Protein chains: 2
Amino acid sequence: MKPSFEDLKQELKIKNINLSHQRLKVIEFLTQNRCHPTVDQIFTNLQKDIPTLSKTTVYNTLRTLVASGLVRVITIEDKETRYDIVTENHGHFKCESCGTIFDFPIGIDSMIPGVLSKFVINDKNVYLNGVCPRCLSNLNENK
Amino acid sequence: MKPSFEDLKQELKIKNINLSHQRLKVIEFLTQNRCHPTVDQIFTNLQKDIPTLSKTTVYNTLRTLVASGLVRVITIEDKETRYDIVTENHGHFKCESCGTIFDFPIGIDSMIPGVLSKFVINDKNVYLNGVCPRCLSNLNENK
DNA sequence: ATAATAGTTGTAATAATTATAAGTTTGTAT
DNA sequence: ATACAAACTTATAATTATTACAACTATTAT
């Protein structure tokens with residue numbers, strides 16, 4: 001279930017995190033743009049609404065949201081940290097050709113082996129890399 | 001099956017990659033230290049053997065080895081890229097307390113859902129974060 | 001042996017992120 | 001409403017990881 005903007009505002013209140021203008025805008029952006037944006041993408045887009053916005057604020061806000069568990073960090077690729085509103089168990093596929101990141105459903109829990117039974121697991125990520133169907137067909141056309 | 005140093009030398013020859021002194025040392029280090037080292041750890045350790053070693057060379061070598069498929073990049077944590085000799089399907093668990101990265105066996109293929117049937121998958125990673133048993137028991141002792 | 005190619009090195013440049021300190025905003029108690 | 005304290009934001013500077021580059025060295029094939 002994808003959490004709505006209102007759900008998230010509620011969550012923040014419960015966790016005692018101030019609902020500043022900038023924070024709300026970051027959350028709003030993440031709920032409306034489920035494309036796993038980078039800090040830079042978030043910053044550039046929000047700047048249109050908030051001309052005085054500082055990139056440090058975007059970093060600070062994301063750190064707060066990640067610590068509170070509302071947002072997750074996606075490090076599918078070296079050298080580009082991305083952010084995602086936390087939703088159900090799902091994995092990420094990154095197309096090496098067009099760069100798009102696709103979500104896909106996956107039940108990770110069932111495959112965690114017994115050797116880890118004494119480990120406390122706080123976060124689970126499944127990352128795949130490859131080429132998406134769209135790029136595959138484009139490659140074929142250009143043959 | 002963990003590839004030996006000799007196996008890897010053979011692989012390089014087959015792939016037509018020069019067996020320079022520095023490259024061999026990097027591979028040797030990775031086979032003997034399966035702790036998923038960072039560039040900095042590799043560099044610092046090899047410097048003892050090769051005083052003239054440059055960090056650029058470590059970066060270059062790792063790029064070459066990753067491109068050839070002999071080494072994989074581990075981006076389990078933001079801001080610290082790690083490297084691993086490619087072995088069988090396995091996942092990585094990082095302890096948030098002591099920082100150790102543990103390998104664990106996992107069969108990812110069986111859980112990739114049908115929606116991805118038209119995607120070409122080149123690389124698969126499962127990353128878990130949490131606390132390892134050793135750190136858990138230390139935390140309990142200090143109560 | 002020699003030329004051509006590939007690899008290495010040190011330095012400089014770039015890019016992402018964090019630290020810091022001053023200025024603003026917000027919430028609370030009066 | 002007002003004033004105070006705490007929290008948040010901002011801009012700049014500092015730090016860190018990585019890449020670009022050009023000169024130098026080693027290696028390979030003829």
Side-chain angles (χ1 to χ4, degrees), chain A residues 8-29 36-68 70-83 99, chain B residues 8-9 11-29 36-68 70-84 99:
Chain A
L8 291 163
K9 264 172 78 172
Q10 203 48 42
E11 275 289 317
L12 283 186
K13 265 194 190 140
I14 290 167
K15 303 205 174 188
N16 227 8
I17 298 171
N18 264 344
L19 283 71
S20 77
H21 184 53
Q22 288 83 343
R23 282 179 184 165
L24 290 176
K25 280 294 182 182
V26 169
I27 293 183
E28 190 186 48
F29 184 80
H36 320 89
T38 61
V39 167
D40 218 67
Q41 288 169 339
I42 297 168
F43 173 69
T44 306
N45 276 278
L46 291 187
Q47 235 184 354
K48 294 167 195 162
D49 279 341
I50 317 168
T52 64
L53 184 67
S54 154
K55 201 179 259 188
T56 303
T57 298
V58 178
Y59 276 106
N60 288 342
T61 298
L62 289 169
R63 179 153 3 107
T64 303
L65 295 176
V66 169
S68 76
L70 296 182
V71 168
R72 75 164 51 186
V73 178
I74 299 178
T75 56
I76 195 169
E77 189 80 31
D78 198 18
K79 293 285 285 175
E80 58 169 35
T81 307
R82 294 173 170 275
Y83 296 87
Chain B
L8 291 163
K9 265 171 76 171
E11 275 288 315
L12 283 186
K13 265 193 189 137
I14 291 166
K15 302 203 173 189
N16 227 9
I17 298 171
N18 263 346
L19 285 69
S20 77
H21 184 54
Q22 288 83 342
R23 282 179 184 166
L24 290 177
K25 281 293 181 182
V26 169
I27 292 181
E28 190 187 46
F29 184 81
H36 322 87
T38 61
V39 167
D40 218 68
Q41 288 171 337
I42 298 169
F43 173 69
T44 305
N45 276 278
L46 292 186
Q47 234 184 353
K48 296 167 193 163
D49 281 340
I50 317 166
T52 64
L53 183 66
S54 154
K55 199 177 260 189
T56 303
T57 298
V58 179
Y59 276 106
N60 288 342
T61 299
L62 289 170
R63 180 156 359 110
T64 304
L65 295 175
V66 169
S68 77
L70 295 182
V71 168
R72 77 163 52 185
V73 178
I74 299 178
T75 56
I76 195 170
E77 190 80 29
D78 197 17
K79 292 284 287 173
E80 58 170 34
T81 307
R82 294 172 171 276
Y83 296 87
D84 196 10

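Every chain is numbered from 1, with letters handed out A, B, ... down the list of sequences. Side chains included, hydrogens not; waters and symmetry mates left out as well; all remaining heavy atoms used. Being a predicted model, the structure only gives us computed values, none of them experimental.
Checked against C:dT9, D:dT9, D:dT12, the side chain of B:Ile50 finds its nearest nucleotide in C:dT9. Proximity note for B:Tyr59 (side chain, C-beta onward) versus C:dT8, D:dA17, C:dA19: the nearest is D:dA17.
Distance CG (A:Leu65) to C1' (D:dC8): 13 Å, rounded to an integer number of Å. Atom pair B:Lys25:NZ and C:dT8:C1' shows a separation of 17 Å (rounding to whole Å applied). When rounded to the nearest whole Å, the span between CD1 of B:Ile17 and P of C:dA6 equals 13 Å. Following rounding to the nearest Å, B:Gln47 (CD) and C:dT8 (C1') show an atom-to-atom distance of 14 Å. The CG atom of B:Leu19 sits 17 Å away from the P atom of D:dA26 (whole-angstrom rounding). The interatomic distance linking B:Arg63 (CZ) with D:dC21 (P) rounds to 12 Å, in whole Å. Distance CG (B:Leu46) to C1' (C:dT8): 14 Å, rounded to an integer number of Å. Going from atom CZ of A:Phe43 over to atom P of C:dT17 covers 13 Å, rounded to whole Å.
Nearer to the 5' terminus of DNA chain D, by closest-nucleotide assignment, is the contact made by B:Val39 (compared with the other of B:Ser20 and B:Val39). Checking A:Lys55 against A:His21, the closest nucleotide of DNA chain C that is more toward the 5' end is the one next to A:Lys55. Each of B:Asn18 and A:Asn18 was assigned the nucleotide of DNA chain C with the nearest heavy atom; the assignment lying further toward the 5' end belongs to B:Asn18. Each of A:Arg23 and B:Thr81 was matched to the nucleotide of DNA chain D holding its nearest heavy atom; the match closer to the 5' end belongs to A:Arg23.
Proximity of B:Gln22 to the phosphate of D:dA26: no side-chain N or O atom is located under 4.0 Å from OP1 or OP2. Residue A:Thr52 places at least one side-chain N or O under 4.0 Å from the OP1 or OP2 atom of D:dT10. Not one side-chain nitrogen or oxygen of B:Ser54 sits closer than 4.0 Å to the OP1 or OP2 atom of C:dT8.
B:Lys15 places a side-chain N or O within donor-acceptor distance of the main-chain N or O of B:Ser68, the cut-off being under 3.5 Å. Of the possible donor and acceptor atoms, one in the side chain of B:Arg82 sits under 3.5 Å from a partner among the backbone N and O of B:His36.
Scanning all heavy atoms of the two residues, the minimum distance from B:Phe43 to B:Ser54 falls at CE1-C, 3.7 Å. When all heavy atoms are compared, the tightest approach of A:Thr81 to A:Val73 is CG2-CG1, 3.5 Å.
In this structure, B:Asn60 reaches the bases: a heavy-atom distance under 4.0 Å links it to at least one base atom across the strands shown. Counting any heavy atom pair closer than 4.0 Å across all strands shown, B:Lys79 reaches sugar-phosphate atoms only and no base atom.
When the options A:Thr38, A:Thr44, A:Val39 are evaluated for a side-chain contact (heavy atoms from CB on, under 4.5 Å) with A:Gln41, the one that passes is A:Thr38.
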